[in-house]
Undergrad: 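For reference, the structure I am asking about is given below.
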Amino acid sequence: MYHYTECGLPNVYLKNGFTIEHIDGEDYTSIDDMNNLHVAIAQTIADSHTALRPAEFKFLRIELNLSQKMLGHRFGVSEQTIARYEKGQSEIPRTTDAALRSLFMEKLEKTNSVSYFLDLLSDAEAQQAAKEILLEEIDNRWGIAV
């Protein structure tokens, strides 16, 4: 059994799929199919019924290839908030936990409904904040100008 620490998660062990070579007094480990190993780890995390721990949250974000800033934008929070989740300085809200898991599962299934929904929410909030209200009176009634 091999304790796989390169992923940043403390409790990942490999039963097989790796080779350890001893060269010049040093041990070198090579992992077979690293990409699918990371997908399997992420899927195990996403399928778990326990709340995401900070390192697991970070691992899923990285597997989604999203920066803290990009993920923060999708969730409507700052990148500092995402960093605090990953450092364990702030509790990860259950809705954020569920949304991150859903984004990862969506990536595996190659669909886009969750991403579309989150993008729509963040775009709508940005548009609302920047929106100017232009009204006009037509036939003694006020309405939005066309």
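Model, not experiment: these values are computed from the prediction.
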Undergrad: Quick check: is M1 connected to I41 through a chain of hydrophobic side chains (ILVMFWY, heavy atoms under 4.5 Å apart)?
TA: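 Looking at the clustering, M1 is in a separate group from I41.
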Undergrad: Pick from I62, I45, L100: which one makes a side-chain contact (heavy atoms from CB on, under 4.5 Å) with F57?
TA: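 It is L100, the one option of I62, I45, L100 that forms the side-chain contact (heavy atoms from CB on, under 4.5 Å) with F57.
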Undergrad: Please name the residue in the list I82, V77, L60 that meets the side-chain contact (heavy atoms from CB on, under 4.5 Å) test with L71.
TA: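 For L71, the side-chain contact (heavy atoms from CB on, under 4.5 Å) check succeeds only for I82.
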Undergrad: Among residues at least two apart in sequence or on other chains, which ones pass side chain to side chain donor-acceptor pair (under 3.5 Å) with T81?
TA: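 Applying side chain to side chain donor-acceptor pair (under 3.5 Å) to T81 gives S78, R84.
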Undergrad: Taking only residues at least two apart or on different chains, which pairs with a member in residues 52-64 satisfy side chain to side chain donor-acceptor pair (under 3.5 Å)?
TA: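 Every side chain to side chain donor-acceptor pair (under 3.5 Å) pair that includes a residue of residues 52-64, provided the two are not neighbours, is H38-E63, R53-E56, R61-E86.
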Undergrad: Between G88 and P54, what is the shortest heavy-atom contact and its length?
TA: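 For G88 and P54, the tightest heavy-atom pair comes out as CA-CG, 3.6 Å.
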Undergrad: Got a second to check how far Y85's OH is from F75's CZ, nearest 0.5 Å?
TA: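 The OH atom of Y85 sits 9.0 Å away from the CZ atom of F75.
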Undergrad: Starting at CD of Q68, measure out to CD of Q80 and round the result to the nearest 0.5 Å.
TA: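 It is 8.5 Å, given to the nearest 0.5 Å.
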Undergrad: Can you list every side chain to side chain donor-acceptor pair (under 3.5 Å) pair that touches residues 40-49, not counting sequence neighbours?
TA: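 Every pair satisfying side chain to side chain donor-acceptor pair (under 3.5 Å) with a residue in residues 40-49: S48-T50.
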Undergrad: Side-chain atoms of residues 24-33: list all donor-acceptor pairs with protein atoms under 3.5 Å, sequence neighbours left out, distances to 0.1 Å.
TA:
unit_1	atom_1	unit_2	atom_2	d
D27	OD1	H22	ND1	2.7
D33	OD1	N36	ND2	3.4
D33	OD2	N36	ND2	2.7

Undergrad: Can I get a per-line list of side-chain donor-acceptor pairs under 3.5 Å for residues 5-17, giving both atom names and the distance, sequence neighbours left out?
TA:
none

Undergrad: With a cut-off of 3.5 Å and sequence neighbours excluded, list every side-chain donor-acceptor pair involving residues 91-99.
TA:
unit_1	atom_1	unit_2	atom_2	d
R94	NH1	D97	OD2	3.4
D97	OD1	R101	NE	2.4
D97	OD1	R101	NH2	3.3
D97	OD2	L52	N	2.7
D97	OD2	R101	NH2	3.4

Undergrad: Atom CZ of R74 and atom CG of L66: how far apart are they, to the nearest 0.5 Å?
TA: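 These two atoms lie 6.0 Å from each other.
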Undergrad: Side-chain heavy atoms nearer than 4.5 Å, only ILVMFWY residues, links allowed to pass through others: does that put F18 and I23 together?
TA: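 Each belongs to a different hydrophobic cluster.
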